*Asks:* 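Here it is, the structure in full.
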Amino acid sequence: MVGIAQAGSRIAPPGSRRAGSICAVNKINLSEKLSLIHEYWRPKVVGEMNGQEVKLVKLQGEFVWHFHEKADELFLVLHGGLRLDFRDRSVNLGPGEMIIVPKGVEHRSVAEDEAHVLIFEPASTRNTGNVYDDQLTAPDGVPI
Ligand code: NI
């Protein structure tokens, strides 16, 4: 029966891992994951692929100025408002809006009220970038 689906069997979508393996494809509910986050400025990993990580973080207040030497960094706002400060301008983002900060560009996140943000960037990217030991520097690679 190789290559022929039996009645009632599940066919894995193209590109996914074989159905029934320990690596079966599962959906990730972002609201559920966010409900497990109780600290600000501590990104948690909810997925990874191709050496990149998808992280969720809750923000409130003002982050530290920093840049990432080797990583472009994507921010997608899920809830609330996020202002990204650059040395020459600021960009305000609302839910459903995203921005990609190129490597080497200094930036700072500011959220006057609580904001929920999805971050997409290479694994092992330090949240405070070139700032190694700030009080807001968080451990990387922490799953939730
Ligand atoms: Ni950054």
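Values in this document were obtained by computation on a predicted structure and should not be read as measured data. Heads up: numbering here begins at 1 and tracks the sequence. Atoms within each ligand, like the ligands themselves, are counted from 1 in listed order.
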*Asks:* State the atom name: nearest N, O or S atom of His107 to the Ni ion (ligand 1).
*Replies:* NE2
*Asks:* Of Asp85, Leu84, Leu82, which meets side chain to side chain contact (heavy atoms under 4.5 Å, CB included) against Val110?
*Replies:* Asp85
*Asks:* Has Glu73 got an N, O or S atom lying less than 2.8 Å from the Ni ion (ligand 1)?
*Replies:*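 Given the 2.8 Å cut-off, Glu73 counts as a ligand of the Ni ion (ligand 1).
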*Asks:* Under a 3.5 Å threshold, yes or no: a donor from one side chain and an acceptor from the other, between Asp140 and Ser124?
*Replies:* no
*Asks:* To 10 degrees, how wide is the angle NE2 (His68) to the Ni ion (ligand 1) to NE2 (His66)?
*Replies:*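 Angle NE2(His68)-the Ni ion (ligand 1)-NE2(His66): 90°, rounded to 10°.
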*Asks:* For His68, run the side chain to side chain donor-acceptor pair (under 3.5 Å) check against Glu73, Glu121, Arg126 and tell me which one passes.
*Replies:* Glu73
*Asks:* For the residue pair His66 and Glu106, establish whether any side-chain heavy-atom pair is separated by less than 4.5 Å.
*Replies:* no
